[in-house]
Amino acid sequence: MQKPNLPKGTRDFGPEQMRKRLFIFDTIRRTFQRFGFQPLETPSMENLTTLMGKYGDEGDQLLFKILNSGDFAASLSELDLATGSKKLTPKISEKGLRYDLTVPFARYVVMNRNALVMPFKRYQMQPVWRADRPQKGRYREFYQCDADVVGTDSLLCEAEIVLMIHEVFRNLGIQDFTLKINNRKILAGIAERIGIPGQEGTLSVAIDKLDKIGQDNVLIELRERGFSDDSIASLTPLFSFTQNNTTNVLTELKQWLHDSITAQQGIKELDETLRLVNQYGLIDSQVEVDPTLARGLSYYTGAIFEVKANAVNIGSVSGGGRYDNLTGAFGMPGLSGVGISFGVDRIYDVMEELNLFPTATGQGTQVLIIPFDAEARSVALPLLNQLRSAGITAETYPDLAKVKKMLDYANSKAIPFVVLIGSEEVQTGQLSVKNMLTGEQQKMSADSVIELIKK
RNA sequence: GUGAUUGUAGCUCAGUCGGUUAGAGCGUCGGAUUGUGGUUCCGAAGGUCGCGGGUUCGAGCCCCGUCUUUCACCCCA
């Protein structure tokens, strides 16, 4: 006999976990829908040609690849085997599991470009897979909840994302979060300013770690990556304004990066976005402008968002940004879009750690019918039907077991009411209803049972 | 991909220096109680000590490999 186990980095979700997870999904879905986003689902697997090259070299490595069906080795030669995995892979695998929801979305938009009404707003809540090593807040299979709008470059979309993020986290009960916002153009401007134009990618990777490793180590890393002492020295102003309020940060950025047209554009966009958010009347905005915020994904071109739950050390629980040319790789250039992704699994971990899940709210069975013998079923089964028709979650114990056993069952499932049916109840039609919390028991008609449980 | 770490009953964990038949709590099942739960009492079942190899008279304990868990790095939700 073999011991069953799960693939590394994957998990089962039992009833109790699912109740909590569904709470998160429902909360996010309600917000997405209220903002006018339409649901979309795409296949778990995509052609590797769709996925490869969209997430960088590292991303390509983290893709789960699917072995071709049938005799995948049929056309292989000794030579192929000798060339190593990199060249061998495309010969034996042409599909992979999706790595995020944005690229499949871009693929969908391109394939349906003529049918879609622009701007197109969609939301998507599905699992994604990454073949990296699991650790805290990191799984090989996890869910993302994405909302994107494509076909407009209006900053109103950025503003609405800011609003949605606030709404979702507040509805979840996560009050202590920070929405960090930056703009890729500002990062580009910084790169210009310190004399390394075009290298903002490398720069970003390092300064993104500021929170984690501190200023000194960031500078050390930049030096290791080949940045000159002059460049590093001129970076100093970047570290001085992280604590200020949004307007101050923007003003200081404007001064520091005054000779970069790109940076000025990014600052203007950020400024405008925040102005729009303000017009919406967002109360107690938790937005923080953070010029050191970078994010890894290479396709962002404008705004960048990231949400951190302040009380928990788990990385970001949500992230997104604007991309100007995501569909370009699929032959449809010039389509701008902006999106946000919520990481359900990390949000779950945060809420669990902070004890933020609401206590069970009428999710489970409300009443258990307990027939003492086969005869009692002639009353129990119609009653079940009646209760369910009235919208009450009701069940009976399928075996004719001892009463003790059935009451134990009710207890362990936290069922608040039981209806006991024996020969006496069959004869009189008056049912014995027991409140499992108080122990109180009384006789009443079926209609009264419904009334009692419904309130 | 790099570096650590974990694994003993369904669950949480003890297990001494390598030494007889591997323990506890919780849970499960049965009984005290054949129409009434939670509390209590009694009893029982449940183990290839992750897996494979090695050292030894003897391995849960030491060594090697492997899988798994957790964590950090890289990178990321």
Side-chain angles (χ1 to χ4, degrees), chain A residues 1-11 14 24 28 55-63 85 99-102 125-146 201 204-206 208-209 212-213 217 221 224-225 294-298 305-309 312-321 339-350 368 370-373 375-376 397 400-426 432-441 443:
Chain A
M1 196 179 72
Q2 61 160 357
K3 245 189 209 170
N5 62 355
L6 287 170
K8 188 199 287 273
T10 67
R11 298 140 314 146
I24 298 173
I28 295 171
Y55 311 105
D57 287 347
E58 195 107 20
D60 285 353
Q61 275 206 312
L62 295 179
L63 284 170
S85 63
Y99 180 90
D100 70 359
L101 300 179
T102 310
M125 316 204 320
Q126 290 189 277
V128 302
W129 293 269
R130 294 181 190 178
D132 59 1
R133 283 211 196 166
Q135 55 179 286
K136 186 172 184 185
R138 175 175 294 190
Y139 307 98
R140 288 185 141 181
E141 178 183 61
F142 61 98
Y143 274 75
Q144 290 189 333
C145 300
D146 278 30
S204 300
V205 171
D208 195 38
K209 296 180 196 165
K212 212 175 200 172
I213 63 177
N217 288 316
E221 180 158 340
E224 279 167 2
R225 286 171 186 267
R295 293 188 53 74
L297 290 175
S298 44
F305 307 104
E306 187 161 288
V307 180
K308 289 230 159 96
V312 182
N313 183 25
I314 199 169
S316 62
V317 289
S318 184
I340 184 69
S341 176
F342 291 91
V344 172
D345 303 80
R346 283 189 180 174
I347 290 173
Y348 181 102
D349 289 345
V350 166
L368 178 73
I370 299 187
F372 290 148
D373 48 41
E375 207 179 323
Y397 197 83
L400 291 171
K402 288 187 177 170
V403 174
K404 172 177 161 56
K405 195 176 173 102
M406 296 195 268
L407 287 170
D408 280 340
Y409 177 78
N411 274 333
S412 56
K413 281 189 75 172
I415 298 171
F417 291 100
V418 299
V419 175
L420 300 150
I421 303 172
S423 55
E424 201 178 300
E425 286 80 2
V426 171
S432 297
V433 180
K434 190 183 184 80
N435 180 323
M436 292 299 281
L437 280 177
T438 61
E440 181 189 355
Q441 185 170 331
K443 295 211 166 181

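Numbered from 1 within each chain, the chains take letters A, B, ... in sequence-line order.
- Taking the 5.5 Å centre cut-off and the 30° plane limit, the aromatic side chain of A/Phe142 is classed as stacked on B/rA77.
- Residues satisfying the ring pair (Phe, Tyr, Trp, His ring centres under 6.0 Å) criterion with A/Tyr397, sequence neighbours excluded, are A/Tyr409.
- Between the CD1 atom in A/Ile370 and the NZ atom in A/Lys402 there is a gap of 15.0 Å [rounded to 0.5 Å].
- Counting heavy atoms from C-beta on, the side chains of A/Tyr139 and A/Asp349 come closer than 4.5 Å.
- The side chain of A/Leu407 has B/rG37 as its nearest neighbour among B/rC75, B/rG35, B/rG37.
- Nucleotide B/rC17 has no partner under the Watson-Crick or G-U criteria, as no pair reaches both atom distances under 3.5 Å.
- Using a 4.0 Å heavy-atom criterion, one finds that A/Lys434 contacts the bases of the nucleic acid, with or without backbone contacts as well.
- Looking at A/Ser423 and A/Glu375, their side chains never bring a donor and an acceptor atom within 3.5 Å of each other.
- Among the atoms of the strands shown, only primed sugar atoms or phosphate atoms (P, OP1, OP2) are found under 4.0 Å from some heavy atom of A/Ser318.
- Distance from the side chain of A/Arg133 is smallest to B/rG3 among B/rG35, B/rU69, B/rG3.
- Along RNA chain B, the nucleotide nearest to A/Gln135 and the one nearest to A/Lys8 differ in position, and the one closer to the 5' end is contacted by A/Lys8.
- Across all strands shown, the partner of B/rG10 is B/rC26, judged by Watson-Crick or G-U wobble contacts whose two distances both fall under 3.5 Å.
- The residue A/Glu306 sits apart from the nucleic acid: no heavy atom pair falls under 4.0 Å.
- Within 4.0 Å of A/Ile415, counting heavy atoms only, lies no atom of the nucleic acid at all.
- In this structure, the nucleotide among B/rC76, B/rA72, B/rG35 sitting nearest to the side chain of A/Ser432 is B/rG35.
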